Amino acid sequence: MSFNNTIISVSGLEHSYGSAKVLKGLNFTVEKGKIFGLFGKNGAGKTTTINILMGFLTPEKGDCLIYGEKSSQLSNENKSRIGLLHEGHISYDFMTLEQTEKFYKGFFPKWESKTFAYFMEKLGLPKNRKIKHMSCGQRSQVALAVLMAQGAETLILDDFSMGLDAGYRRLFLDHLNQFVKDNNKTILITSHIVQDLERFVDEAVIINKGQVLLSAPLSKIKDGIYGYRLPLNADIKNIKKDKRILDISITKESYEIITRLTLEESKKYFQGITLSENIIPYNVSFEDAFIALTGKY
Amino acid sequence: MKHIFYKEKIKLNRILLAVIIINAAVLIYTFFRVRVGIMLNEPSGIWLDIILRNGIFYSKVETALYVSALLLGVMQFYPEFERKRFRLSCHLPLNEYKMIFYTSLFGIIVLTVLWLIDMAGVVLLASQFFPIDIYRAIPLVMFYWYINSLIIYTFASSLTLEASWNVKLRLALMMAGCIWAFKMEVYNSSLSYAVTAFLFAVFYCFSIYFPALRFRKGL
Amino acid sequence: MKLYSKYLIVLIAVFSFSIIMPYFYSIIFIENTSKDFVYYSEIIDDFAVSTFTQNRSFIYRDKAGNTYTEKEFKQILPQVYVRDLVLTNSYSEIINNRIISAEDMIKYNFYLSARAKNIDEERIRIKLSPVFETQSGSANLTMPVDLARIGKDITFINARTREIDKEKSEHFTNELINKGFTFPVKLYGTNPDVRKPYDVGTFLLDKNNTLFRLYMVKGKPVVEKYNTNISNEEIIYISIRENKYADFYGFMIAKSGNIFLININHTLSKITVDNYNPNKDTMRININPLHILLNISTDKYQYTYIYDKNYNLLKSYSLDIESSLSGYRLDIYNMLFPFSIYHDAYSAAGYLKIEKTENLLLSAVFIIFLLCIYIVICRYFKSISKTTVIDIFVIALSGIYGFTALILLQNFKKDTLWE
């Protein structure tokens, strides 16, 4: 990994709130052109990490560099290269669409009016509509339009899905996908709705209790994790979560067991609980793997 | 700077209108009150009353100015505080110290213009009824009101922008004592004192950096 | 910049606390103090003092230490209690071998006073003044339609039209010049109240420190010159009051503290005073048929002087003035507050007065104590850093103000905004 390819570099990040240590030495990097997902349960340290990345928190120890500069001391040039989407799609609500474009144009010489116009056309609202009079989903489109039009090379998107229904979440990612792929942008994205990002991110880092639990390409996150459905009449009382059995869920039709056991191993393991033919493997989703790795609480 | 001003103007559109209306209304009210007073009494008696008792017949303008300063401070920075919208401004490709300075400067400029209009209005009004000896003493009195309004504006802004209620309370305790420190109720007070007071107010205005940098850098 | 912004708040807090903390301490711990009223008794040939105590009762005594009942006290001060004595039929007309009727004692008893605040106010007052018709012919004077601007000349401005009455202005100005007045007017004094049957006029000091009396009779100016030499005195205050029984119109106060009575016979009577700073102290004169009593009150002492009718100093007496904060309360005040800032919105000079502690040693000891506490607190919360040196410096200079500000700004739990 050369310096020029590393856009975001987080090393040895530590931070506490009072006596509670939230980050205990976080390390990860984001390479140029990659779409990087940052995942973690509530309280894992995700928000703290994002705040440090966005430069609104100075860590106790460690470094967070973006384009080689500390995230809390970015130069104007680098600020213009980085687009931030704040949690809740924060924008200047008191502005209209027209005013928003006029305002941001003043700061970004490379403002792409066509890109902004494209999004506005998709939005289908009059230019004099104030952002505060739009729905959550519409606001997210405006926020994305600003990020795209400002020509940012790197995007940090904090919980893009907040407040959005399934339709808008999908639309958001569709737009993002289109522009990211075409322009080789680097993205760091988080979301509480993990399964949305399965179709989007290249690499993921899962943090748990302030440390990196796993950092790998998305395809490899699920490596070695298998899912099996057992009928509801299976006696699973004695099955406990351990290094092999990662998670047990119940749906209205079956038990779903996430495990590190292969099919053969699982048939032996579940002998006595149910018949082999009742053990039905299924494709583990990213969300399943995430819950299995981090636990349900 | 002009873009920051553009944003602030959009944000404060209605408030600007409100403060203009408040001040204009008070000026008009003061005019009619003085006119009635002069009409119903011997004008020389009114003049003497003002001279002997330091009669600030335009005192309601002071209230209007302070209310305007408070409104400006709160309404300019509440949207920044709400939902942490200030983060957007902090990430603009602009030196953040300048960004904070320009944001606050907008409010100060609005307040200054308002005060100048008020002062011109009062002097114009007074020149219709009083001799130059009286109305030329008005600007210095109103200058102290301007100083106090700057302090009130900064106090309101700082407390509004500060994200933590705990720290808001502490800031209020530390900064409130200055609010009436330069109140003036007499004509022709010392000019050197006015200069000192103004320098202090300028110094005080920079205190907006404390909550702004706490917001920005998580102090 | 983070550091600067923090210390900016600290400095603002120091200023703010130095105004409000001493103020709140004073109003919480203020005590009712006793007040002394000093007179001179020709009957016992000594100073007589009535003390209004904290218990709201009076104690009557003389300088020698003898105490009196209320009745006895009034008896020895006929010039003060003449009306009471007349009511109780105990007024004696023979006082120290002089015969003074009760009527004369009432008529020829005058009280004059001047506070530093009055002098301050006059100095900056807008220089417009009424010139009344000297005899109105009724119980009250009529407010003139114009006011006179008194400065480089006399200019009458009609208040109804706001126009200058050129003729009248020239007439009055020329009359003064003809009588030897040299403009500009340095200082002037008048009684601008209509609630009187006549007006003695306006007294003006010209450029050469010569006093003139200007009054108006049937619209015409009358000017009288005082041929007295006070060129070596800087007069800072002129006070005029009408009293048909007085043989003076008022008085002037010089910066030196000397007082000049403006007599109706165009002379000045000088009262030489020690221990009087007109810009800080309060002065009271009682001129009665027996003597002239002058009282000067500073913030700590009360000086009383007795003069004969020729203004020769006979006796003097000084008393301490009890402070509203005294004893241990005052000690604590001096200990807690190394300095205090006092502001008065109605003060003519518009100043912020900075008063330092009266007990520097006690204050210094307390500051050292605060420093120790601060260091202990920082060590306990493990928040000692490079800036602690600056904090120590701030506390050393500002005491409890800086200490309080720094404690309020201290982030002991290291909580941040993002919780």
Side-chain angles (χ1 to χ4, degrees), chain B residues 38 42-48 50-52 54 84 96-97 127-131 133-134 137 140 144 158 163-164 166-167 170-171 173-190 193-194 196-197 200 203-204 206-215 217-219, chain C residues 1-2 4-6 8-21 23 120-121 123-130 142-147 149 151 157-162 164 192-194 341 343-352 404-405 407-409 411 415-419:
Chain B
I38 293 284
E42 182 62 63
S44 57
I46 305 257
W47 290 15
L48 199 58
I50 289 169
I51 291 164
L52 294 178
N54 286 299
K84 297 176 185 163
E96 54 209 25
Y97 301 124
S127 66
Q128 306 303 307
F129 304 109
F130 302 109
D133 314 71
I134 289 177
L140 186 54
Y144 286 105
S158 299
S164 159
N166 191 322
V167 178
R170 296 182 207 188
L171 277 180
L173 283 170
M174 288 189 286
M175 294 171 72
C178 300
I179 288 178
W180 305 120
F182 302 103
K183 194 163 166 56
M184 187 52 60
E185 298 287 345
V186 295
Y187 289 105
N188 293 333
S189 66
S190 155
Y193 175 67
T196 312
F200 179 85
F203 182 73
Y204 191 98
F206 283 95
S207 62
I208 189 71
Y209 274 98
F210 182 77
L213 290 176
R214 273 178 53 81
F215 211 117
K217 298 192 186 282
L219 282 169
Chain C
M1 195 64 193
K2 285 188 283 183
Y4 294 147
S5 71
K6 175 187 164 183
L8 178 60
I9 298 288
V10 169
L11 287 175
I12 287 170
V14 164
F15 179 83
S16 182
F17 288 148
S18 61
I19 296 174
I20 60 178
M21 279 186 181
Y23 171 74
D120 221 11
E121 283 170 352
R123 188 176 50 79
I124 60 160
R125 199 180 297 286
I126 294 171
K127 302 285 182 274
L128 282 176
S129 189
T142 309
M143 191 69 201
V145 296
D146 53 23
L147 293 184
R149 179 186 294 145
I157 307 167
N158 188 312
R160 292 177 187 173
T161 62
R162 283 178 300 112
I164 291 172
D193 196 346
V194 294
I341 296 178
H343 167 252
D344 183 359
Y346 298 93
S347 165
Y351 50 79
L352 282 176
T404 309
I407 291 292
L408 284 172
L409 283 177
N411 196 0
D415 60 320
T416 68
L417 302 171
W418 317 119
E419 279 289 26

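Order of the sequence lines sets the chain letters (A, B, ...), proteins ahead of strands, with each chain counted from 1. Atom set for the values below is all heavy atoms of this structure, side chains included, hydrogens, waters and symmetry mates excluded. Quick caveat, the model's predicted, so the values are computed rather than measured.
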Novice: Contact part of C:Arg160 toward chain B, heavy-atom cut-off under 4.5 Å: side chain, backbone, both or neither?
Specialist: both

Novice: Find the distance between CZ (B:Phe210) and CD1 (C:Ile12) and round it off to the nearest 0.5 Å.
Specialist: 11.0 Å

Novice: Let me know if B:Phe182 has heavy atoms under 4.5 Å from chain C in its side chain, its backbone, both or neither.
Specialist: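 Contact with chain C: backbone and side chain both.
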
Novice: Please check this pair: side chain of B:Ser44 against backbone of C:Pro144, looking for a donor-acceptor N/O pair closer than 3.5 Å.
Specialist: yes

Novice: Short question: side chain of C:Arg125, backbone of B:Ile51 - any donor-acceptor pair under 3.5 Å?
Specialist: yes

Novice: How about C:Leu8 and B:Tyr209: do any of their side-chain heavy atoms sit closer than 4.5 Å?
Specialist: no

Novice: Looking at side-chain heavy atoms only, is the closest gap between B:Met175 and C:Ile9 below 4.5 Å?
Specialist: yes

Novice: Side chains of C:Phe17 and B:Met174: closer than 4.5 Å at any heavy-atom pair?
Specialist: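 In contact.
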
Novice: Only pairs of heavy atoms separated by less than 4.5 Å count here; which of C:Val145, C:Leu128, C:Ile341 has the most with chain B?
Specialist: C:Leu128

Novice: Against chain C, label B:Phe206 side chain, backbone, both or neither, depending on which of its atoms sit under 4.5 Å from a heavy atom there.
Specialist: both

Novice: To the nearest 0.5 Å, tell me how far C:Ile124 CD1 sits from B:Leu140 CG.
Specialist: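 Going from CD1 on C:Ile124 over to CG on B:Leu140, the span is 9.5 Å.
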
Novice: Just verifying a value: how many Å separate B:Cys178 SG and C:Ile19 CD1, rounded to the nearest 0.5 Å?
Specialist: 6.0 Å

Novice: Considering only heavy atoms from C-beta outward, does the side chain of B:Asp133 approach that of C:Ile157 to under 4.5 Å?
Specialist: yes

Novice: Need one label for B:Leu171: side chain, backbone, both or neither, based on atoms under 4.5 Å from any heavy atom in chain C.
Specialist: side chain

Novice: Heavy-atom distances under 4.5 Å only: say whether B:Ile208 touches chain C with side chain, backbone, both or neither.
Specialist: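 For B:Ile208, neither part sits under 4.5 Å from chain C.
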
Novice: Could you tell me which residues satisfy side chain to side chain contact (heavy atoms under 4.5 Å, CB included) with C:Tyr23, sequence neighbours excluded, listed by chain and number?
Specialist: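 Only C:Ile27 meet the side chain to side chain contact (heavy atoms under 4.5 Å, CB included) criterion with C:Tyr23.
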
Novice: Counting the benzene-type ring for Trp, do B:Tyr204 and C:Phe15 have ring centres under 6.0 Å apart?
Specialist: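 They do not qualify: ring centres at least 6.0 Å apart.
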
Novice: Check whether any side-chain heavy atom of B:Trp47 lies under 4.5 Å from a side-chain heavy atom of C:Arg162, and answer yes or no.
Specialist: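 SC-SC contact between B:Trp47 and C:Arg162 confirmed.
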
Novice: For the atom pair CG (B:Leu173) and CD1 (C:Ile20), what is the distance rounded to the nearest 0.5 Å?
Specialist: 7.5 Å

Novice: Using non-hydrogen atoms and a 4.5 Å limit, figure out which bit of B:Phe129 sits close to chain C: side chain, backbone, both or neither.
Specialist: backbone

Novice: In terms of heavy-atom proximity below 4.5 Å to chain C, should B:Ala181 be classed as side chain, backbone, both, or neither?
Specialist: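 Both backbone and side chain of B:Ala181 come within 4.5 Å of chain C.
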
Novice: State the CG-CD distance between B:Asn54 and C:Glu121, to the nearest 0.5 angstrom.
Specialist: 7.0 Å

